[in-house]
Structure formats: structure tokens, C-alpha cells
Amino acid sequence: MNYLNNVKIVLVETSHTGNMGSAARAMKTMGLTNLCLVNPIIKPDSQSISLAAGASDIIKQAQIFSSLEEAVADCSLVIGTSARPRSLQWPNLTPKECGDKIIAEASHHAQVALVFGRERVGLTNDELQKCHFHVGIPANPDYSSLNLAMSVQVLCYEIRMSMLSAQDSLSQLVDQNVNDIQYPKDQDIERFYQHLEQTLLQTGFINPNHPGQIMGRLRRLFTRARIEQQELNILRGILTSIDKK
């Protein structure tokens with residue numbers, strides 16, 4: 001089975017259509033075909049087709065979404081790319097770890113998203129907090145300028161290498177008990193965070209003028225724990241019981 005069919009490459013608010021084409025070319029050389037565009041500044045055009053250089057089918061089949069939430073709603077694993085440290089530390093992966101984790105999840109029929117930000121400023125803090133893990137490319141610190149297509153190429157290469165390794169011996173890559181674990185989709189996790197914030201506001205635990213300060217840290221806590229579906233059901237039940245009181 002081709003596990004890469006379960007992997008989405010998501011580009012957020014891309015400014016230059018040529019970068020879409022170059023990213024599509026980078027994807028196809030590594031066997032990935034699912035391109036998602038979130039609120040692109042300009043829709044794919046002739047320049048994107050030209051720079052795709054044989055990968056125009058990926059551009060033509062690309063799905064366009066109005067928000068990151070819509071693009072990753074059906075995904076159980078979302079990894080965001082980040083080129084710089086953030087004030088709120090998040091679980092981080094190396095490119096190889098990123099490839100291994102994506103294939104481990106995708107090999108069990110789960111949808112996975114690898115998210116790339118804007119050419120100049122990357123992903124916002126809010127967008128990165130919607131990701132389970134962050135990944136960075138350890139480039140030369142004296143000249144770390146990687147364009148969008150280069151970043152896509154590097155990480156897609158790692159995904160392909162992990163897939164080839166998994167085909168040889170999947171048991172070395174995936175934990176023996178992973179078949180028994182079901183992770184919730186991103187849209188279900190977001191509903192939980194909305195429910196949690198609403199309940200904490202009602203109980204007076206968080207300040208309604210600054211809910212993000214606590215919620216950001218709670219997101220990090222639950223992201224680090226990687227909640228399973230049954231655990232999420234328990235947490236939603238606890239919140240509901242508090243609401244009834």
C-alpha cells in the first residue's frame with residue numbers, strides 16, 4: 001500500500017504562484033500528490049503550471065480551503081513547520097523524526113498534514129498551536145534562507161525515506177500497540193478546546209479578557225500528551241458534568 005496517499009502537504013496563504021508549482025514538483029519527485037492551498041493570495045495560474053515542470057496534475061487537483069482548520073479537519077496528526085524558536089515551547093521534531101512519525105500514522109489509514117507557512121513570515125503562533133508537533137530544518141545558521149519549495153523538498157524526501165524503510169520492516173518503525181490506538185481528528189480536538197474554554201470561563205477559572213494565556217498552555221499540555229479518542233471522550237464527559245452543575 002502507498003502510505004503517501006494519506007499525507008497532505010498544506011501551503012498557507014502562498015503569495016507567489018510559482019512557489020506552488022515548484023512545491024508541486026518537489027512533492028511529485030518524492031511520490032506525494034495531495035496538495036492543499038489555504039487562502040492563497042493568488043489562485044494557481046500559468047506560472048504555477050510552468051514551474052511545476054511535469055507535476056501540473058498536482059496543481060490542477062489541488063484543494064483550496066478558506067482556513068487551516070478546514071484543511072486539516074479530517075487529520076489525526078498535524079505537523080507545522082517553524083524556522084525560529086517561539087516564546088511558548090512546543091514538542092519539536094527533526095526532519096527524520098517528522099518523516100518517521102508521518103509514515104507511522106499514515107500506515108494505519110489515518111490522514112496526516114504537513115503544514116508550511118507564508119513565504120516571508122511562516123505560520124502564526126495561533127496556527128502553530130493547532131499543530132501536534134513542530135519541525136525545523138537545521139540549516140546553516142550563518143545562511144539559513146530556505147525558500148518554500150526547498151523546504152517542501154527536504155521534508156518530502158524524509159517522508160519518502162521513512163516510507164521505504166517502513167516497507168522493508170514496518171515493525172521497526174511502528175509500535176506494536178499502535179493498531180489498538182485511535183487518535184481523534186483535528187476537528188474533534190478543536191471542539192474539545194472550545195468546550196474547555198467555555199467551561200473554564202463559566203467557572204471563573206480564566207480571565208475572559210485574556211483567555212489565550214491559559215488556553216495556549218493547556219493546548220501545549222494536551223498536545224504533549226497526544227490524547228487518544230477514548231481519553232478525549234472522558235474529558236468531554238467531565239466537562240459536560242461540570243456544565244450541568
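For the single chain, residues carry numbers from 1 onward in sequence order.
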Query raised in the report: So, the side chain of Gln61 versus the backbone of Ile58: is there a donor-acceptor pair under 3.5 Å, distance only?
Result: no
Query raised in the report: How many angstroms lie between CD1 in Ile137 and OG in Ser82, if you round to the nearest 0.5 Å?
Result: 11.0 Å
Query raised in the report: Side-chain contact, heavy-atom cut-off 4.5 Å: Phe116 with Val12?
Result: no
**Report entry** Inter-residue atom distance Leu68.CG - Glu127.CD, 0.5 Å rounding
**Finding:** 6.0 Å
Query raised in the report: Taking atom types as modelled, is there a side-chain donor on Ser66 or Glu70 under 3.5 Å from an acceptor on the other?
Result: yes
Query raised in the report: Quick one: are Leu218 and Glu197 in side-chain contact, heavy atoms under 4.5 Å?
Result: no
Query - Residues Gln229, Asn233; criterion side-chain hydrogen bond (donor to acceptor under 3.5 Å, both in side chains); working and verdict - result: CA-CA 6 Å; Gln229 184 63 57; Asn233 294 340; 3.1 Å; yes
Query raised in the report: Under 3.5 Å, is there a donor-acceptor pair between the Thr14 and Asn19 side chains?
Result: no
Query raised in the report: Among the clusters formed by ILVMFWY side chains lying less than 4.5 Å apart, do Ile64 and Ile41 turn up in the same one?
Result: no
Query raised in the report: Hey, is the main chain of Met20 close enough, under 3.5 Å, to the side chain of Ser48 for a donor-acceptor pair?
Result: no
Requested in this report: Please name the residue in the list Val115, Leu114, Asn92, Val154 that meets the side chain to side chain contact (heavy atoms under 4.5 Å, CB included) test with Val135.
Outcome: Leu114
Requested in this report: Answer yes or no: is there a side-chain heavy-atom contact under 4.5 Å between Pro95 and Pro138?
Outcome: yes
Query - Side chain Thr199, main chain His195, donor-acceptor under 3.5 Å - result: yes
Query raised in the report: Between Lys8 and Ala71, is there a donor-acceptor pair closer than 3.5 Å when you use the side chain of the first and the backbone of the second?
Result: yes
**Report entry** Arg191/Asp188 ion pair, N-O < 4.0 Å
**Finding:** yes
Requested in this report: Just jot down the ring pair (Phe, Tyr, Trp, His ring centres under 6.0 Å) partners of Phe222, sequence neighbours excluded, or say none.
Outcome: Phe192
Query raised in the report: Sub-3.5 Å donor-acceptor pair from the side chain of His132 to the main-chain atoms of Val78, do we have one?
Result: yes
Query raised in the report: Within a reach of under 6.0 Å around OH of Tyr193, are more than 12 heavy atoms found that belong to other residues, nucleotides or ligands?
Result: yes
Query raised in the report: Rounded to the nearest 0.5 Å, how far apart are CE of Met215 and CD1 of Ile206?
Result: 6.0 Å
Query - Non-neighbouring partners of Asn39 that pass side chain to side chain donor-acceptor pair (under 3.5 Å), sequence neighbours left out - result: Glu13
**Report entry** Joint cluster assignment, Ile42 & Leu35, ILVMFWY side-chain distance < 4.5 Å
**Finding:** no
Query raised in the report: side chain to side chain contact (heavy atoms under 4.5 Å, CB included) with Ile189: which of Cys75, Ser76, Pro184?
Result: Pro184
Query raised in the report: Side chain of Trp90, backbone of Arg224: donor and acceptor closer than 3.5 Å?
Result: no
Query raised in the report: Do Thr223 and Phe133 have side chains that get closer than 4.5 Å, going by heavy atoms?
Result: no
**Report entry** Side-chain heavy atoms of Pro44 within contact of Ile49, under 4.5 Å
**Finding:** no
Report task. Starting at CD1 of Ile59, measure out to CE of Met27 and round the result to the nearest 0.5 Å. Result -> 8.5 Å
Report task. Would you check, one step at a time, whether the test salt bridge (Lys or Arg N to Asp or Glu O under 4.0 Å) holds for Glu158 with Lys101? Result -> CA-CA 11 Å; Glu158 293 293 351; Lys101 192 166 288 293; over 6 Å; no
**Report entry** Atom pair CE (Met163) and CG (Leu32), whose distance is rounded to the nearest 0.5 Å
**Finding:** 8.5 Å
Query raised in the report: Do you know which two heavy atoms are closest between Ile79 and His134, and how far apart they sit?
Result: CG2-C, 4.4 Å
Query - Short side-chain donor-acceptor distance under 3.5 Å, Asn147 and Glu119 - result: no
**Report entry** Sidechain-backbone polar pair: Thr240 side chain, Arg236 backbone, donor-acceptor under 3.5 Å
**Finding:** yes
Requested in this report: May I ask whether Ile234 and Tyr183 are part of the same hydrophobic cluster, defined by side-chain heavy atoms of I, L, V, M, F, W, Y residues being less than 4.5 angstrom apart, directly or through others?
Outcome: no
Requested in this report: For side-chain contact (heavy atoms from CB on, under 4.5 Å), just list the numbers for Asn34 and Val7, CA-CA rounded to whole Å, side-chain angles, deciding distance to a tenth of an Å, and then say yes or no.
Outcome: CA-CA 7 Å; Asn34 297 329; Val7 182; 5.9 Å; no
Report task. Would you mind listing the cluster partners of Tyr143? Hydrophobic ones only (ILVMFWY), side-chain contacts under 4.5 Å, chaining allowed. Result -> none
**Report entry** Salt bridge Arg219-Glu190, side-chain N to carboxylate O under 4.0 Å
**Finding:** yes
Query raised in the report: Which atoms form the tightest heavy-atom contact between Val72 and Asp186, and what is the distance?
Result: O-CB, 3.1 Å
Report task. State plainly whether one hydrophobic cluster holds both Leu128 and Ile214, where clusters connect Ile, Leu, Val, Met, Phe, Trp and Tyr through side-chain heavy atoms under 4.5 angstrom apart. Result -> no
Query raised in the report: Run the side-chain contact (heavy atoms from CB on, under 4.5 Å) check on Glu97 and Asp100 step by step: do they pass?
Result: CA-CA 5 Å; Glu97 290 170 339; Asp100 288 348; 5.6 Å; no
**Report entry** Cationic N near anionic O, under 4.0 Å, Lys130 to Asp126
**Finding:** no
Requested in this report: Taking all non-hydrogen atoms of both residues into account, name the closest pair between Leu51 and Gly18 and its distance.
Outcome: CD1-CA, 3.3 Å
**Report entry** Over all atoms of both residues, closest heavy-atom pair of Ala24 and Ala55
**Finding:** O-CB, 3.7 Å
Query raised in the report: Do any N or O atoms from the side chain of Glu231 and from the backbone of Glu228 form a donor-acceptor pair under 3.5 angstrom?
Result: yes
Query raised in the report: What do the steps show when you test Lys185 against Glu69 for salt bridge (Lys or Arg N to Asp or Glu O under 4.0 Å), and what is the final call?
Result: CA-CA 11 Å; Lys185 295 180 180 179; Glu69 290 83 355; over 6 Å; no
Report summary line: Between Ala106 and Asn6, the two heavy atoms sitting closest are O-ND2, 2.8 Å
Query raised in the report: CD1/Ile9 to SG/Cys36 distance, rounded to the nearest 0.5 angstrom?
Result: 9.0 Å
**Report entry** Donor-acceptor under 3.5 Å (Ser241 side chain, Ile238 main chain)
**Finding:** yes
Query raised in the report: Side chains of Ile159 and Ser162: does their closest heavy-atom pair fall under 4.5 Å?
Result: no
Query raised in the report: Any luck finding a side-chain donor-acceptor pair between Thr29 and Gln153 under 3.5 Å?
Result: yes
Query raised in the report: Looking at Ala23 and Leu11, what are the two nearest heavy atoms and their distance?
Result: CB-CD1, 4.0 Å
